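For reference, the structure discussed in these notes is given below.
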Amino acid sequence: METETRRSAHSVLRFENLSVRFSGRRSVVTVVRGVDLVLRPASVHALVGESGAGKTVSAKAVLGLLPRSAETGGRILYHDADLLSLSDRSLRAIRGKRITMVFQQPDKHLNPSMRIGAQVAEVLRYHNGLGRHEALLEARGLLDMVELNGREVLRAFPHELSGGMKQRVAIASAIACRPEVLIADEPTTALDASIQAQILALLDRVRHELGTAILFISHDLPLVRGFADDVSVLYAGRIVEQAASRELFECASHPYTDRLIAATPDPARRGQRLAAIPGGVPDPEEMPAGCAFAPRCPMATDLCRRELPLLRVPAGTLQRLSACHFAEDVACGSLADG
Amino acid sequence: MKPRIATAARVVLWCTLLYIGTLALVAIAAPLIAPADPLVQNIPARFSSPGTAGYPLGADDFGRDVLSRIIFGARAALLVGLVSVGIALLLGLVTGLAAGLLEGPVDSALMLLMDAVLSFPTVLLAITVVSVFGYGLPQVMAAIGVIFSPLFARIVRAETLTLKQEPYVMSAHALGTPLRRIVSVHLLPNMLPKIVVQCTVTFALAIVIEASLSFLGLGAQPPQPSWGLMLRSARNYLLDAPWLAFYPGLAIGLTVFSFNLLGDLLNELLQIRR
């Protein structure tokens with residue numbers, strides 16, 4: 001009991017051996033294969049991986065937004081409640097109120113025929129039972145909070161706003177009920193670099209001012225540097241490396257992470273080719289028996305191709321996890337120049 | 001962002017709206033506007049040609065004023081249009097939403113039923129329904145409503161399926177919006193343009209069918225003033241008193257044409273706006 005309470009005090013959201021499978025007419029495709037992850041209160045946990053790694057599917061599983069063809073396994077604990085086994089009704093009370101989500105394409109996530117004010121007020125009306133007028137007033141405050149001109153934007157239609165403004169509106173509705181958890185699914189991918197930085201700064205403010213924990217999903221590892229507290233690197237549905245952001249960027253302990261960091265454009269190496277990772281993510285229907293990264297890994301041996309490496313604490317470290325047989329041999333940046 | 005449509009189209013749009021508006025006013029204020037009682041017979045004035053004093057559009061085989069009958073006929077026509085489109089819309093919304101939201105076997109069953117209704121020739125089905133439930137305008141309106149409900153059901157279902165995939169609907173779902181709010185706030189307003197267009201087109205169809213059924217003697221019953229019924233009685237005097245057929249025919253033609261044109265223009269206008 002004591003460990004249980006202590007544990008929930010340290011996490012608002014916890015994935016325990018989460019798996020997601022999609023069963024089609026002919027085949028079953030496993031997209032997420034046993035993911036463990038802890039989101040601490042008021043912290044930012046970045047879930048990073050290539051497209052198809054299972055990031056968005058994991059995020060959608062939290063809010064029960066997966067299509068009916070999806071089968072989930074494991075648990076997603078919000079405090080002590082397993083979101084995967086909650087009824088639709090109790091889930092709806094959490095969705096949008098305690099746990100909310102911001103999506104990738106801000107222009108498509110707003111109703112084109114509804115004024116911004118009404119859309120932001122919408123959440124307040126059914127979650128907090130506010131009347132129309134009160135909700136609009138509150139919405140205006142929220143829009144001001146995300147650094148928009150509340151008075152003007154309230155009456156605007158989505159097509160009158162820029163992409164960055166729309167994403168701010170989306171964030172405003174997401175934080176309307178002061179949620180404990182905000183899931184941000186590539187919220188900056190569709191935006192310009194300068195707007196990206198502004199949105200990250202805004203999310204950072206939300207975290208500090210409202211104490212909202214953020215599960216930040218991105219394909220862009222360098223982007224989360226300095227923003228995330230913890231980073232989980234996802235590859236082919238499994239976490240290959242998990243560490244505090246500071247440690248991870250200092251020195252990777254999985255060849256995949258290492259190569260991702262090496263693939264970052266660096267002003268110091270201007271004019272040189274970027275270190276791309278050869279090959280592509282394996283087809284989820286034809287997963288290799290051993291390490292999924294082995295076909296693309298310069299360090300791969302027969303052991304890697306034969307045996308699945310489990311997530312473990314590499315020798316000589318304390319806090320981090322790596323799923324590589326040779327985690328200890330991944331020297332910082334050693335592969336980058338090779 | 002202003003919709004870009006040609007000035008000519010704009011003029012036509014206003015003309016149709018003006019015509020329909022006038023027609024609606026005439027229908028509502030029929031007793032005030034009509035020069036005579038549409039039912040009062042004046043046998044000595046039978047077959048007065050248009051222009052005769054007191055009979056601007058002539059008199060029919062019972063000496064009734066054609067203009068007054070056309071004015072009161074507008075009531076019947078618009079009433080049929082409104083009520084049957086209303087019925088079709090309501091039935092179509094319910095089935096279309098149910099099919100689109102529930103999907104699976106419910107969807108298949110409902111759409112099969114709708115396709116079955118659509119596969120009958122419209123007038124034939126209307127005649128069947130009216131023969132079973134009796135002659136008269138109320139039966140005609142109900143029949144037309146049921147017959148045209150699949151047109152709405154299909155649109156509503158298709159739009160529901162499309163809009164359901166829209167990120168903003170999923171987003172609303174992610175924010176905990178209850179289903180009925182999603183339907184009323186996100187689905188219905190965004191499918192409104194297509195529904196409005198379908199309404200105007202169906203309105204025109206309903207008027208044609210009412211006229212056809214009344215012409216066949218299955219709809220409005222004499223001495224009720226109805227355009228279709230006027231055509232029916234005019235067919236015996238086509239050579240001697242062609243105005244008896246001409247004016248009601250013109251009224252039907254203009255009205256149906258206006259509604260169809262309005263539907264087309266709205267379709268264009270609303271599509272551009274998207």
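Values reported hereafter were calculated over all heavy atoms of this structure, with side chains retained and with hydrogens, waters and symmetry mates removed. Computed from a predicted structure; not experimentally measured.
Here CD of A/Gln119 is found 9.0 Å from OG of B/Ser171. Values are rounded to the nearest 0.5 Å. Here the OG1 atom belonging to A/Thr100 is positioned 6.5 Å from the CG atom belonging to B/Leu175, to the nearest 0.5 angstrom. Taking CD of A/Glu122 as the reference point, atom OG1 of B/Thr177 lies at 6.0 Å (rounded to 0.5 Å).
Other residues, nucleotides and ligands contribute only 12 or fewer heavy atoms inside 6.0 Å of the CZ atom of A/Arg155. Within 6.0 Å of CD in A/Glu209 there are more than 12 heavy atoms belonging to other residues, nucleotides or ligands. Heavy-atom neighbours of A/Lys166 NZ from other residues, nucleotides or ligands within 6.0 Å: above the threshold of 12.
Between A/Leu65 and B/His173, some side-chain heavy-atom pair lies under the 4.5 Å cut-off. The shortest side-chain heavy-atom distance between B/Pro178 and A/Tyr126 falls under the 4.5 Å cut-off. Within the 4.5 Å cutoff, the side chain of B/Tyr168 has no heavy atoms near those of the A/Asp107 side chain.
Comparing A/Val123, A/Asp88, A/Leu110 by how many heavy-atom pairs each has under 4.5 Å with chain B, the most go to A/Leu110.
Between A/Lys108 and B/Glu166, no side-chain nitrogen of the basic residue sits less than 4.0 Å from a carboxylate oxygen of the acidic one, so the salt-bridge criterion is not met.
Listed by sequence position, A/Ser173, A/Ala174 are the residues of residues 170-191 of chain A in contact with chain B, using a 4.5 angstrom heavy-atom cutoff. Listed in order of number, the residues of residues 100-108 of chain B that approach chain A to under 4.5 Å between heavy atoms are B/Leu101, B/Leu102.
Residue contact with chain B, scored on non-hydrogen atoms closer than 4.5 Å, involves the side chain of A/Arg125 exclusively. Using a 4.5 Å cut-off between heavy atoms, A/Gln104 does not touch chain B at all. In this structure, no portion of B/Val169 lies under 4.5 Å from any heavy atom of chain A.
The two residues A/Leu63 and B/Ala174 make their nearest non-hydrogen contact at CD1-O, 4.0 Å.
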Determine whether B/Val185 and A/Met114 satisfy the following criterion, side chain to side chain contact (heavy atoms under 4.5 Å, CB included), listing intermediate values before the conclusion.
CA-CA 8 Å; B/Val185 167; A/Met114 218 174 155; 3.1 Å; yes
